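Labels below follow one simple rule: chain letters A, B, ... track the order of the sequence lines, proteins then strands, and each chain is numbered from 1. Every heavy atom of this structure was used, including side-chain atoms; hydrogens, water molecules and symmetry mates were not. Treat the numbers as computed from the prediction; the structure is a model and nothing was measured.
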There are 2 protein chains.
Amino acid sequence: MSDGVEWALHSCLNLAWIGSGQAVTAARLAAYHELPPAYLNKQLQALARAGIVTSVSGPKGGFRLARALDRITLMDVVAAIEGPDEAFRCTEIRQQGPGAAAPESYAAECAIAGAMSRAELAWRRELMAQTLDDVRARAELQAPDAPERLRHWLAHL
Amino acid sequence: MSDGVEWALHSCLNLAWIGSGQAVTAARLAAYHELPPAYLNKQLQALARAGIVTSVSGPKGGFRLARALDRITLMDVVAAIEGPDEAFRCTEIRQQGPGAAAPESYAAECAIAGAMSRAELAWRRELMAQTLDDVRARAELQAPDAPERLRHWLAHL
DNA sequence: GCATGATTACTCGGATACAATATGTCCGAGTAGTCTCGG
DNA sequence: CCGAGACTACTCGGACATATTGTATCCGAGTAATCATGC
């Protein structure tokens, strides 16, 4: 899985802690964790296309959350960065070569693809069950001063 | 996810249908589904390293299953091909740059990494719950003549 | 005829190229603030 | 002093390089069957 997923998740939490009052530039978000600014910008664009954040150009521009954290699931972010298609893709090799049978035999889904899909469904279900607000709550339990530190750094830049 | 996983799963089922009496070469297994022979060989090597199949060199050599299908889980095969490490890897960017706090603050696992691990655990649990024998049973329900076709092709090569 | 040893054909195994995707960078389009200038 | 218009600085957005990983191939090490040979 791409590193961009991790960056996007942290950035969403940071945007929430900063507050939706002001837009934050990709450069600021990147600097806070020493990430490549232009590349993080690219990932944020993907979040914008998915409707998770909104972007505004020009001075005082940047990104802000499009909706509250409890309305954003982990699945939303992963799908925005990684793309919508499943990790395991069945290429129907059972229909290739001497192993192939009559076409009407393949109406049912390949048993192997079905088994893999079942596992991937469990993964997606778990990702959908957790919102970014759940993650935020746990993060603030571990580091209660994280939001304040972020706002302080941003103000005294 | 690598295509090798699909190839390996199909090849394991094929090996079971052929029977463990004889070893089958990578070239035969590949030809049955029109796969690149040398590359499938590479994947089978990975299965051999993981102890899922055993390999024998020389004439009349090839691969055979190391144990019964009901003792091989989907997780075993996926781990053998894809490697043991998780898809989402936390690079601890929370500890980098101005966002970093005192090192003792990071005793607990990153909340984001924890959430992603929970989902991946659900995926792995589902993969471990399904054995290749379960998949074989479903496959034979769909195509009862698959084993016979395979053996026939192999005999009349 | 049978045992023995060299030969040979065949297979896995890993080292080696090639391609696709992920990672990282750069410059242009567009926008909001700012400055200048005239009334 | 105040308003309008041009200008400038700043940001996103996507097009363009680079690195890493997955894909595919090839040749050598090792092995078991085969065949020749001598007893």
Side-chain angles (χ1 to χ4, degrees), chain A residues 1-8 11 15 18 22-31 33-66 78 80-89 91 93 154 157, chain B residues 1-8 11 15 18 22-31 33-66 78 80-89 91 93 154 157:
Chain A
M1 181 172 311
S2 171
D3 286 349
V5 173
E6 183 186 12
W7 302 359
S11 295
L15 282 174
I18 291 170
Q22 52 181 327
V24 188
T25 70
R28 299 286 166 83
L29 286 171
H33 291 306
E34 279 182 354
L35 303 175
Y39 193 33
L40 178 63
N41 186 22
K42 194 185 180 75
Q43 313 290 358
L44 291 172
Q45 286 174 33
L47 293 184
R49 274 192 294 271
I52 296 173
V53 303
T54 60
S55 65
V56 33
S57 287
K60 300 288 180 182
F63 296 90
R64 71 187 69 193
L65 287 176
V78 171
I81 303 293
E82 290 285 297
D85 39 349
E86 298 197 356
F88 180 90
R89 68 193 162 93
T91 59
I93 64 173
L154 204 62
L157 200 62
Chain B
M1 179 172 313
S2 169
D3 287 349
V5 173
E6 184 186 10
W7 302 358
S11 294
L15 282 174
I18 292 170
Q22 53 182 326
V24 187
T25 70
R28 299 287 166 84
L29 287 171
H33 292 304
E34 278 180 355
L35 303 176
Y39 192 33
L40 179 63
N41 187 22
K42 192 185 180 76
Q43 313 289 358
L44 291 172
Q45 286 173 32
L47 293 183
R49 274 192 295 271
I52 296 173
V53 301
T54 60
S55 65
V56 32
S57 287
K60 300 288 181 183
F63 295 90
R64 70 186 71 191
L65 286 175
V78 170
I81 304 293
E82 290 285 296
D85 38 350
E86 298 197 357
F88 180 90
R89 66 191 164 94
T91 60
I93 64 172
L154 204 63
L157 200 60

What nucleotide, of [options], holds the atom closest to the side chain of [X]?
X	options	answer
A:Thr25	D:dT31, D:dC12, D:dG14	D:dC12
A:Tyr39	D:dA32, C:dG13, C:dT23	C:dT23
A:Lys42	C:dG24, C:dG14, D:dG14	C:dG24
A:Ala26	C:dT23, D:dA32, D:dC12	D:dC12
A:Gln45	D:dG13, C:dA32, C:dC10	D:dG13
A:Pro36	C:dT25, C:dC10, D:dA24	C:dT25

Distance test, side-chain N/O of [X] to OP1/OP2 of [N], below 4.0 Å:
X	N	answer
B:Ser55	C:dT11	no
A:Arg64	D:dT11	no
B:Arg49	C:dG13	no
A:Ser57	D:dC10	no

### Query
Is the side chain of B:Glu6 donor-acceptor paired with the backbone N or O of A:Thr91 at a distance under 3.5 Å, no angle test?
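Here the side-chain-to-backbone pair exists.
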#### Entry: Position toward the 5' end of DNA chain C (nearest nucleotide), A:Gln43 or A:Val56
A:Gln43
### Query
Pick the nucleotide of DNA chain C nearest each of A:Leu40 and B:Pro59; which residue has the one closer to the 5' end?
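That would be B:Pro59.
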Measure [atom1]/[X] against [atom2]/[N] and give the value in whole Å, please.
X	N	atom1	atom2	value
B:Asp85	D:dT21	CG	P	11 Å
B:Ile81	D:dG22	CD1	C1'	13 Å
A:Leu29	D:dT11	CG	P	12 Å
B:Met1	C:dT21	CE	P	16 Å
A:Gln22	C:dA32	CD	P	17 Å
B:Asp3	C:dT21	CG	C1'	13 Å
B:Leu44	C:dT11	CG	C1'	12 Å
B:Arg89	D:dT21	CZ	C1'	12 Å

Between [X] and [Y], is any pair of side-chain heavy atoms under 4.5 Å apart?
X	Y	answer
B:Asp3	A:Ile93	no
A:His33	A:Leu40	no
A:Phe63	A:Asn41	yes

### Query
Would A:Glu82 and A:Ser2 satisfy side chain to side chain contact (heavy atoms under 4.5 Å, CB included), going step by step from the backbone distance to the final call?
CA-CA 7 Å; A:Glu82 290 285 297; A:Ser2 171; 2.9 Å; yes
### Touch class at under 4.0 angstrom, heavy-atom based, for A:Arg28 against every strand present
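It contacts nothing in the nucleic acid.
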### Query
For the atom pair OG1 (A:Thr54) and CG (A:Leu47), what is the distance rounded to the nearest 0.5 Å?
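Reported value, rounded in 0.5 Å steps: 11.0 Å.
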### Query
Counting only distance, no hydrogens or angles, is the base of D:dG13 paired donor-acceptor with the side chain of A:Asn41 under 3.5 Å?
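Yes, the side chain and the base share a sub-3.5 Å donor-acceptor pair.
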### Query
Want to settle it: does B:Lys60 or A:Ala38 sit nearer the 5' end of DNA chain D, counting the closest nucleotide to each?
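Closer to the 5' end of DNA chain D: A:Ala38.
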